[in-house]
K.L.:
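The structure that follows is given in the form of structure tokens.
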Amino acid sequence: MICCAECFSDLEIKVSIESLNHKGECPVCGAKNTWIYDSELDGENTDFKELLASVIGIYKPEEKLDDTFPDDAKRSIEEHLQEDWNIFKVGKEGIRKIAESLIQSSADLDEKLLIQKTGIPDLYDEMYLQRNSIFGKYQWDDFRKYLRNENRFHAKYINLGLLSEVLQDTVSIIPKGTSLYRARLAKNEHGYGAGEMGAPPDDVASAGRANSKGVSCLYLANKKETTVKEIRAGAFDYVTIASFQLDKDVKVVDLSSITHNSPFYAETDKIKFLINERHLRNIERDLAKPLSQRDSDLDYLPTQYISDFAKYLGYDGVKYISTFDRNSYNLALFDTKICSCTYRKNYRIDNLDYRLNPV
Ligand SMILES: [Zn+2]
């Protein structure tokens, strides 16, 4: 079987193929002059097989799943590999070819994975979940409801020891001197002065997705255009955009990082990784939701809880992808004094690039 680096999205797998250092045409995805892996030649020269087998190996064929295993969670191996992970760039047919070759040539992988539906038993094992999932047998939505309607300060559905471990794996450093931006809607063309562009003082700070009411937090983005979208500026609005520079390296919980997004990045338990990565994605999705006038402060509680915990652990902020621009990130900075406003300018929004999405 021959496949190539272009068949994959996962960086660790790409590297394991590129390290073989030979190029050719890929029969799986059709790419030409690309880094290829040839199972006949390269089997022992790279950890490619081992990496993929460590993921395929957590699935069991239907005959080995309990009666209690939900039917709607059973899928073919290629469907699971496509839906559960961000490993492959090729579609189901390509995944099937690669998985088939790996399973047939491996002594440890069960060939029944290729003919029966498959599943991961541990995902439905309460004991396993209690020990390995941030929210135990519950989901992020259960936790949200609990905080909102039952108990705000002493949450039951969360394993803080595990959360701290999982957050530790996402950490990244944003270097001193990095420029970040904040925009504010202004009443007229005079906008705001530099002194008004920082975070509001503690007691008057309103609630946001990463801070409770009364706790100051500075929301920044790495692109000017993103800050304007984040505040939902409309056509002909005036905005002031300020540039801030970090006065020191900041250590952040980085929910946007693609390196931690690989199950091969560290020697992790793949099932534990899969479960908690899903929780992190949900947390990031809620953090990145733009504020709306229809929101109640209660909507912000769950992400505030997670951010407060990151702050308590000593991190400087939380970094997440912007919903408005997948190529740029936002940063909620807890200590608002570790950056300084270096520049500000007033703008008028001239046109909005409205894209219509049928509903
Ligand atoms: Zn390919």
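Order of appearance sets the numbers: ligands from 1, and atoms from 1 within every ligand.
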K.L.:
For the NZ atom on K117, are there more than 12 heavy atoms of other groups (residues, nucleotides or ligands in this structure) within a distance under 6.0 Å?
P.N.:
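No, not enclosed.
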K.L.:
With a cut-off of 2.8 Å, does any N, O or S atom of C3 fall short of it relative to the Zn ion (ligand 1)?
P.N.:
no
K.L.:
Using a distance-only test with no angle check, is there a side-chain donor-acceptor pair under 3.5 angstrom linking D286 and W140?
P.N.:
yes
K.L.:
Just to confirm my numbers, could you give the angle made at the Zn ion (ligand 1) by SG of C7 and SG of C26, rounded to 10°?
P.N.:
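Computed angle, vertex at the Zn ion (ligand 1), rounded to 10 degrees: 100°.
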K.L.:
Return the CG to NE2 distance between N188 and H190, rounded to the nearest 0.5 Å.
P.N.:
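The distance works out to 5.0 Å.
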K.L.:
Can you measure from CD1 (I174) to CG (L331) and round to the nearest 0.5 angstrom?
P.N.:
4.5 Å
K.L.:
Need one value: angle at the Zn ion (ligand 1), C29 atom SG versus C4 atom SG, rounded to 10 degrees.
P.N.:
100°
